[in-house]
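For reference, the structure discussed in these notes is given below.
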Amino acid sequence: MITFTHPHAIPTNTANLNSDLNSLLQTCVRASISGCTSIRAVQSHRSSTSSLQILPTKEEEEEAAQYLTIADVRAQRDIVGTIKSTHPNANIIGEEDDSIGVGEGVEIEGEQNWDSLKELGLYGSSTSQAATTIVASDEETCIYVDPLDGTREFVLSNLPAVQSLIGVVVSGTPAVGVVGSPFVDCGVGEDKAEIIYAMRGLGVGRVLVNKDGKGGFTATDDGLFDTAKDILKERESNVRVVVTGDSRNKLLKRATEVCLDYDDGCKFEHVIKGGAGNKFKITALEGKADIAVMHFGTSKWDTAGWDVIVREAGGRMSDLFGNDIVYGCNRKGLKNDLGVVVSRRGMGDLHEYLCNEMKREKLSMSLLDCRKGAWRGGNEALDIARDLDGDVIDKVKIGECLGGKLEGYEARDDEAFRGMMSKGCRLRFSWADGSDTSAQPRTAFYKRVVMSELDHLRLKADTMPEKVKRDVTSYQVESNFLASSTCKGLASNGVLVPKCYDSDLRPNNRDPVKSKFSLLVSDFSPDNGWRQEGLFDLPQMKASLTTLARLHSYGWGGEQDNLKGVVWERGTYWSPEKQQRAQFVELGSIYKTHIERFGEDFKNEVNIEDIDGVGPRLEKIALDVAASAHPSHNAMKTLLHGDPKAANVFIREVEEGCYDAGMINFQWTGFGLVGTEVAHHIASSASPSSLDHEVELLDFYYTTLTSENPDVKITRNEFMEQYETGILDTCRLAFGYQWARADFGKDALNKNSYNKDMICAAWL
């Protein structure tokens with residue numbers, strides 16, 4: 001097991017760990033020194049004998065012009081050996097083959113003095129103060145090693161460009177980076193080497209390694225970089241520098257031209273440097289360049305260590321399209337075939353500009369042809385159209401899920417959704433010749449949830465960890481419900497719900513924020529007349545209430561037995577066990593802060609006496625109201641959608657003033673009272689003009705509910721009692737939680753009506 005120190009983690013019991021990331025960092029620093037020592041020894045032997053042993057290697061990409069030297073394999077042997085001495089089960093993915101002979105006649109310099117290093121205490125005590133703990137199994141942890149980055153530079157005696165790279169990846173996330181520079185200020189005659197290290201969330205540090213005068217080495221922790229001060233300013237402030245290698249690749253040339261065309265009032269220069277790590281260093285740490293664009297032959301061991309260091313220095317590393325580099329713990333997909341871009345602190349706009357332009361370039365988009373088909377123009381949501389491992393979705397797999405041969409797909413950015421809890425995009429399909437296109441969908445919707453990538457969920461992990469566990473269950477509920485016989489029965493009975501084509505569920509109960517989920521479902525496409533509205537007028541409200549009534553009536557009775565263990569025992573996301581206790585015990589004081597923030601215009605709109613006392617009065621009964629609105633046992637409980645806001649409803653006009661309504665997002669589906677859900681739907685979705693017809697809407701819903709299923713046994717008075725209790729319960733949710741997000745006048749689709757319309761909030 002590995003302990004991953006991370007600022008967005010959930011505290012976990014780590015008593016049974018075999019090793020932790022802090023000790024692994026220490027080991028990697030020692031391994032880096034060992035690797036640097038081996039490289040220096042080979043260079044010393046080379047200087048004295050004027051010879052360098054070049055070893056046979058497999059054919060490489062023609063643009064990489066690779067060499068394999070005795071220094072590569074000696075450094076690999078010593079780095080791996082050092083790591084294995086303290087972490088014998090470590091999964092190491094190294095560039096060089098350990099079985100290659102290490103040659104004769106090279107004497108290693110004196111033994112390293114590890115005692116001084118053991119006393120360094122890298123980061124001091126900050127690791128225990130700055131972060132909580134994520135636990136990962138050995139299978140989720142791997143160490144990427146490039147023993148000698150810049151082999152060509154080493155052969156050509158460009159020694160400052162030579163580095164030794166180590167990167168620790170935990171659950172696909174770069175966690176530790178250690179980079180050794182064996183030749184500081186150039187030359188084997190120099191008596192020092194430099195080790196740069198970083199752990200995610202804790203900054204960048206440096207260890208200086210010096211000869212001790214006894215044939216050995218001593219190591220001194222030089223402390224942390226102040227990235228705001230330590231990035232050098234050796235050039236004119238009005239000059240931007242783009243650094244690349246000397247590759248003749250057409251796409252690399254085009255990417256360089258795009259950078260040079262960027263207009264921020266500065267001059268741009270293009271410089272060529274060797275060594276992947278060298279380019280990263282002069283950009284992210286030294287500030288001698290603003291952005292580095294790599295050729296397409298780099299590998300994961302070139303980037304894994306630097307990925308952490310770049311981020312901790314305030315910079316950014318991504319592929320050519322702006323997405324994080326994907327790391328696995330096996331030897332599949334080791335090439336960074338979508339390119340690598342690194343920018344220094346403060347150059348985020350330039351980085352984003354380049355990546356956005358690459359999404360509109362035919363030459364760059366052709367990199368994706370084998371995965372998603374030929375590019376058809378337009379900006380695509382390449383950050384969303386990815387599987388849970390981070391790779392671009394494979395058209396072959398989608399075709400198999402849909403039962404046909406797919407030629408390609410589009411994921412248009414203007415049809416994408418990026419929310420607090422999930423991301424999604426519409427996929428538009430092109431079917432290959434010979435496929436029965438009449439039987440195949442033209443579009444589908446892809447929903448992707450990688451919880452560690454969502455700011456809102458990472459914040460929850462810090463402040464409300466129990467809610468993260470709740471959210472993990474919600475994604476499982478949605479997938480299981482859409483695959484259930486009940487969902488199929490709803491569809492056959494006229495309730496418009498998505499069909500699930502494929503799902504990938506990866507819950508992590510040990511560390512919930514590392515959970516991942518994806519769904520591929522049928523689409524309420526605008527091509528078929530479907531659209532969303534932020535607030536529903538009267539005919540649209542009747543359409544959505546019709547769909548709710550059909551859902552509720554279908555789930556009455558026997559369906560509850562079929563769905564046990566599939567959906568929530570108590571449906572809705574606002575049931576009391578799923579919310580914070582502060583909504584109940586601090587409701588009065590929270591409410592008062594909102595009323596003060598809303599100001600006099602809101603008070604005038606409400607126009608009731610003692611408006612300040614509403615929240616404190618509700619606090620006195622909030623727990624009893626919630627218990628009545630969300631009972632554990634009640635003969636009138638039925639199947640609820642669980643989050644019936646307008647953003648989760650698609651509407652389609654079938655004739656003038658008459659609509660169909662389809663529902664999405666079944667994360668909170670479960671059992672409950674119809675009046676509770678209808679109250680929330682009206683309060684969160686109706687326009688001000690629709691609220692004037694509250695009684696008409698309630699009559700319409702009740703008539704539809706009872707006419708759909710004769711087994712529905714609820715009187716009009718019983719329904720109204722549920723509804724009034726449900727309105728009070730919705731007030732508790734809004735006053736105690738959701739009004740913190742209120743922004744009246746901002747028509748955001750995903751906001752409930754009482755969070756974006758003052759009249760709706762005043763009505764509540």
Side-chain angles (χ1 to χ4, degrees), residues 388 398 400-403 421-422 424 441 444-449 469-507 509 515-524 544 546-575 577-578 630 632-645 648-650 660-674 676-677 681 705 708-709 711-712:
L388 296 185
I398 296 178
E400 292 172 351
C401 294
L402 301 178
M421 295 283 292
S422 64
F445 192 80
Y446 181 66
K447 181 176 180 178
R448 184 176 188 267
V449 181
K469 297 177 183 178
R470 177 205 70 173
D471 294 340
V472 168
T473 302
S474 79
Y475 297 121
Q476 294 173 283
V477 164
E478 178 173 34
S479 178
N480 293 337
F481 175 73
L482 291 177
S484 69
S485 59
T486 297
C487 190
K488 295 180 176 65
L490 284 170
S492 63
N493 280 269
V495 182
L496 299 171
V497 294
K499 176 183 178 181
C500 183
Y501 297 124
D502 186 52
S503 64
D504 187 358
L505 308 182
R506 304 185 191 178
N509 296 324
S515 300
K516 304 177 183 181
F517 306 92
S518 69
L519 283 172
L520 183 66
V521 298
S522 59
D523 182 30
F524 292 105
S544 61
T546 296
T547 296
L548 276 180
R550 289 174 177 170
L551 171 71
H552 295 160
S553 66
Y554 185 85
W556 206 282
E559 287 301 322
Q560 297 186 38
D561 293 333
N562 297 333
L563 290 173
K564 282 185 177 179
V566 175
V567 298
W568 295 95
E569 183 178 343
R570 285 205 286 186
T572 77
Y573 74 89
W574 67 95
S575 60
E577 75 280 0
K578 301 188 188 83
H630 307 274
S632 296
H633 303 284
N634 189 300
M636 288 180 284
K637 286 178 69 172
T638 186
L639 184 66
L640 306 182
H641 175 274
D643 188 10
K645 60 186 177 185
N648 287 336
V649 180
F650 279 79
D660 284 337
M663 306 201 77
I664 61 170
N665 287 349
F666 289 82
Q667 291 173 221
W668 309 105
T669 296
F671 305 119
L673 302 180
V674 295
T676 299
E677 179 145 270
H681 179 57
L705 173 72
E708 285 286 328
N709 183 352
D711 293 332
V712 173

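These numbers were taken from a predicted model, which means no experiment stands behind them.
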Y554 vs T486, side chain to side chain contact (heavy atoms under 4.5 Å, CB included): CA-CA, chis, key distance, verdict: CA-CA 9 Å; Y554 185 85; T486 297; 4.1 Å; yes
Exercise: identify the closest heavy-atom pair between V477 and F666: CG1-O, 3.8 Å
Residue Q476 excluded, over 12 heavy atoms near CD under 6.0 Å: yes
Residue pairs fulfilling side-chain hydrogen bond (donor to acceptor under 3.5 Å, both in side chains) with at least one residue in residues 490-507, sequence neighbours excluded: D389-R506, S479-S503, D504-R506
Minimum heavy-atom distance between H630 and G571, given as atom pair plus value: ND1-O, 4.2 Å
Minimum side-chain heavy-atom gap L496-F524 below 4.5 Å: yes
Check: P507 and F517 side chains under 4.5 Å, non-hydrogen atoms: yes
Minimum heavy-atom distance between L482 and C500, given as atom pair plus value: CB-CB, 3.9 Å
CG-CG distance between L505 and N480, expressed to the nearest 0.5 angstrom: 6.5 Å
Heavy-atom closest pair, residues Y446 and R448: CE2-CB, 3.8 Å
Donor-acceptor contact below 3.5 Å, side chain H552 vs main chain K637: no
By salt bridge (Lys or Arg N to Asp or Glu O under 4.0 Å) - contacts of E478 (at least two apart): K447
H681 side chain to P644 backbone, donor-acceptor under 3.5 Å: yes
Exercise: do Q667 and S474 side chains pair donor with acceptor under 3.5 Å: yes
Exercise: identify the closest heavy-atom pair between A444 and L520: CB-CD1, 3.9 Å
Any side-chain heavy-atom pair of L402 and P441 under 4.5 Å: yes
Check: T547 side chain, A661 main-chain N or O, donor-acceptor pair, under 3.5 Å: yes
Interatomic spacing from CG in L548 to OG in S553 - rounded to 0.5 Å: 10.5 Å
Any donor-acceptor N/O pair, S515 side chain to V472 backbone, under 3.5 Å: no
L673 vs N634 side-chain heavy atoms within contact, under 4.5 Å: yes
Check: D643 main-chain N/O paired with N648 side-chain donor or acceptor under 3.5 Å: yes
Criterion side chain to side chain contact (heavy atoms under 4.5 Å, CB included) on L640 and T572, from CA distance to verdict: CA-CA 7 Å; L640 306 182; T572 77; 3.8 Å; yes
Working for side chain to side chain contact (heavy atoms under 4.5 Å, CB included), residues S484 and N562: CA-CA 9 Å; S484 69; N562 297 333; over 6 Å; no
Under the salt bridge (Lys or Arg N to Asp or Glu O under 4.0 Å) test, residues paired with E577 that sit two or more places apart: R570
T669 side-chain N/O to H641 backbone N/O, donor-acceptor pair under 3.5 Å: yes
Under 3.5 Å donor-acceptor, E677 side chain and G642 backbone: yes
Exercise: identify the closest heavy-atom pair between L388 and V449: CD2-O, 4.3 Å
Contact check, side chains of F650 and M663, non-hydrogen atoms, under 4.5 Å: no
Audit row: T638, V674, side chain to side chain contact (heavy atoms under 4.5 Å, CB included) steps and yes/no: CA-CA 7 Å; T638 186; V674 295; 3.4 Å; yes
Distance (rounded to the nearest 0.5 Å) between F671 CZ and H633 NE2: 13.0 Å
K578 to W668 six-membered ring, cation-pi geometry met (6.0 Å, 45°): no
Atom pair CG/OG of L519 and S422 - distance to nearest 0.5 Å: 9.5 Å
